Novice: 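If you scroll down you'll find the structure; I have some questions about it.
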Amino acid sequence: MSLNGKNALVTGGSRGIGRAVCIRLGAMGAHVYINYVSNPDAAEETRQAIVAAGGTADVVAFNVADAAQAEDAIKQLIKDAGSLDILVNNAGITRDGLMARMKESDWDAVLDTNLKGAFICAKAASRVMMKKRWGRIVNISSVVGFSGNAGQSNYAAAKAGMQGLTKSMAREFASRNITVNAVAPGYIVTDMTSILNEEIQEKIKAEIPLANLGSPEDVAGAVAYLVGDDGSYITGQTIHVNGGMYM
Ligand code: NDP
């Protein structure tokens, strides 16, 4: 239980990868704040799963892309909880489309949620981490930020941007004992990828050396390593959880 006494905020913790991260951090002893934007029932279900396993958690609603709303919510959380020790920037969306047809609003929505949201939350959380001289920030990036992907120029740009953000924050915060790392998943079975039809999933599997899509728990394991005792000398790095599809 290496995270006893620590407070952890997971953005987009209601479903998919974020849900698995919440459950894992709860099992490690952290008090988990489960963020969501539109799905209170899913967030509450995640909270109940943590409690059923003997952990503690609260749900907290805010839109990571809305700077004022996210900052206020994180300030309030820190006031209520007394501290915030771990932040996992996981909230993310896709608005796919080929460049020629991509609407500016789809570009903005993805950049605002996936990249600006991480900046806003990390900025708000880092103040108290700097004061306490301890913090762990993990950004959930993507294989697509490294490889690019036709039809995902907005998403790939946001995730590649997240890599630069991760390294810059790692350098800025290192002197205060705050580590900042990224986890870059490949194709993971969640609502986000359930829209891919069987044929596309088979094509994707054919490009994965381990020949299967990953699970949210595979990603949660990498996050747990980075925020737990064993990850304390690691900063500015990316753990790729992708079955070998990008090396
Ligand atoms: P899901 O679509 O399953 O879940 C998305 C989560 O993000 C939900 O909890 C949702 O909340 C939350 N969310 C979306 N927009 C906002 C917002 N504006 N503010 C706060 N919360 C928000 O996604 P995944 O679990 O698949 O993905 C999680 C992360 O992992 C994303 O950053 C994604 O880009 C990344 N990733 C996923 C991969 C995959 O194959 N699945 C591969 C590589 C990276 P609500 O329930 O309220 O809607």
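A quick note: this is a predicted structure, and the numbers were derived from the prediction, not measured. Counting convention: from 1, in listed order, for ligands and their atoms alike.
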Novice: Residue-level breakdown please: for Ala184 versus ligand 1, do any non-hydrogen atoms fall below 4.0 Å on the side chain, on the backbone, on both, or on neither?
Specialist: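 The answer is neither; Ala184 stays 4.0 Å or more away.
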
Novice: Check each atom of ligand 1 against the heavy atoms of Gly92 and keep those under 4.0 Å away; list them by number with element.
Specialist: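 That gives atoms 5 (C), 7 (O), 14 (C), 31 (C), 32 (O) of ligand 1.
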
Novice: Is there a polar contact between ligand 1 and Ile188, counting only N or O atoms under 3.5 Å apart?
Specialist: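 N/O-N/O distance below 3.5 Å exists for this pair.
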
Novice: Which pair of heavy atoms, one from Pro185 and one from Ile17, lies closest together, and at what distance?
Specialist: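 Scanning both residues completely, I find the closest heavy atoms to be CG-CD1, 4.2 Å.
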
Novice: Measure the OH-CZ distance between Tyr155 and Arg95 for me, rounded to the nearest 0.5 Å.
Specialist: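 With rounding to 0.5 Å, OH (Tyr155) is 12.5 Å from CZ (Arg95).
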
Novice: Looking at Ser2 and Asp229, what are the two nearest heavy atoms and their distance?
Specialist: CB-OD2, 3.5 Å

Novice: Hey, which atoms in ligand 1 end up nearer than 4.0 Å to a heavy atom of Asn35?
Specialist: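 Answer for ligand 1: 20 (C), 21 (N).
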
Novice: Hey, are the side chains of Val64 and Thr113 touching, using non-hydrogen atoms and a 4.5 Å cut-off?
Specialist: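 SC-SC contact between Val64 and Thr113 confirmed.
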
Novice: Could you tell me whether some N/O pair between Ser38 and ligand 1 is separated by less than 3.5 angstrom?
Specialist: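 Yes, at least one N or O pair falls under 3.5 Å.
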
Novice: List every atom of ligand 1 that sits less than 4.0 Å from any heavy atom of Thr113, numbering the atoms from 1 in the order shown and giving each element.
Specialist: 15 (N), 18 (N)

Novice: Taking the non-hydrogen atoms of Thr11, is any one of them nearer than 4.0 angstrom to ligand 1?
Specialist: no

Novice: Could you pull out the closest heavy-atom pair between Val241 and Ala222, with the gap in Å?
Specialist: CG2-CB, 3.8 Å

Novice: What's the shortest distance from atom 26 (O) of ligand 1 to any protein heavy atom, and which residue and atom give it?
Specialist: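 That would be Thr190 OG1, 2.5 Å.
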
Novice: Considering only heavy atoms of Tyr187, which atoms of ligand 1 have at least one such atom less than 4.0 Å away?
Specialist: 40 (O)

Novice: Looking at Arg136 and Asp85, is any side-chain nitrogen of the basic one under 4.0 Å from a carboxylate oxygen of the acidic one?
Specialist: no

Novice: Enter the distance from Met129:CE to Arg133:CZ here, rounded to the nearest 0.5 Å.
Specialist: 15.0 Å

Novice: Please work out whether the ring planes of Phe146 and Tyr246 are parallel, tilted or perpendicular, with thresholds of 30° and 60°.
Specialist: tilted

Novice: Report yes if the side chains of Ile86 and Asn7 come closer than 4.5 Å at any heavy-atom pair, otherwise no.
Specialist: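 Contact flag for Ile86/Asn7 side chains = no.
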
Novice: With distance as the sole test, does Gln237 use its side chain to make a donor-acceptor pair with the main-chain N or O of Thr235 at under 3.5 Å?
Specialist: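 Yes, because the side chain of Gln237 sits within donor-acceptor range (under 3.5 Å) of the backbone of Thr235.
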
Novice: Starting from atom 18 (N) of ligand 1, locate the nearest protein heavy atom and write down its residue, its atom name and how far away it is, to 0.1 Å.
Specialist: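 For this ligand atom, the closest protein heavy atom is Asn63 OD1, 2.7 Å.
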
Novice: Would you mind running through ligand 1 and noting each atom that sits below 4.0 Å from a heavy atom of Ile17?
Specialist: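 Once the distances to Ile17 are compared, the set is 25 (O), 30 (O), 37 (C).
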
Novice: Is there a nitrogen or oxygen of Val37 sitting under 3.5 Å from a nitrogen or oxygen of ligand 1?
Specialist: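 Between Val37 and ligand 1, an N or O pair is found under 3.5 Å apart.
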
Novice: List the atom of Pro216, the atom of Gly16, and the distance in Å for their closest heavy-atom pair.
Specialist: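 Closest approach of Pro216 to Gly16, heavy atoms only: CB-O, 3.7 Å.
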
Novice: Which atoms form the tightest heavy-atom contact between Ala122 and Ile137, and what is the distance?
Specialist: CB-CD1, 4.3 Å

Novice: Can you sort out which atoms of ligand 1 are near Asp191, meaning under 4.0 Å from one of its heavy atoms?
Specialist: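 Close to Asp191: 3 (O).
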
Novice: Under 4.0 Å, heavy atoms only, figure out whether ligand 1 is touched by the backbone of Lys159, its side chain, both or neither.
Specialist: side chain

Novice: Go through ligand 1 atom by atom and flag the ones less than 4.0 Å from a non-hydrogen atom of Asn39.
Specialist: 45 (P), 46 (O), 47 (O)

Novice: Ligand 1 and Pro185, any nitrogen or oxygen pair closer than 3.5 angstrom?
Specialist: no

Novice: How far is atom 48 (O) of ligand 1 from its nearest protein heavy atom, and which residue and atom is that?
Specialist: Arg15 NH2, 2.8 Å

Novice: Look at atom 42 (C) of ligand 1 and say which protein heavy atom is nearest, naming residue and atom and giving the distance to 0.1 Å.
Specialist: Gly186 O, 2.8 Å

Novice: So which heavy atom in the protein is nearest atom 34 (O) of ligand 1, and how far is it from that ligand atom?
Specialist: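 So the nearest neighbour among protein heavy atoms is Tyr155 OH, 2.5 Å.
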
Novice: So which protein heavy atom does atom 32 (O) of ligand 1 come closest to, and at what separation?
Specialist: Asn90 O, 2.7 Å

Novice: Write out the residue and atom name of the closest protein heavy atom to atom 19 (N) of ligand 1, then the distance separating them to 0.1 Å.
Specialist: Val64 N, 3.0 Å

Novice: Using a 4.0 Å cut-off to any heavy atom of Thr193, which atoms of ligand 1 qualify?
Specialist: 39 (C), 40 (O), 41 (N)

Novice: Quick check on the hydrophobic clustering: are Ile93 and Ile120 connected, directly or via other members, by side-chain heavy-atom contacts under 4.5 Å?
Specialist: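 No, Ile93 does not connect to Ile120 through the hydrophobic network.
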
Novice: Counting only heavy atoms, which portion of Leu213 has something under 4.0 Å from ligand 1: side chain, backbone, both, or neither?
Specialist: neither

Novice: I want to check something: taking the side chain as every heavy atom from C-beta on, are Val60 and Ile34 in contact at a cut-off of under 4.5 Å?
Specialist: no

Novice: For atom 15 (N) of ligand 1, grab the closest protein heavy atom and report residue, atom and distance to one decimal in Å.
Specialist: Ile93 CG2, 3.6 Å

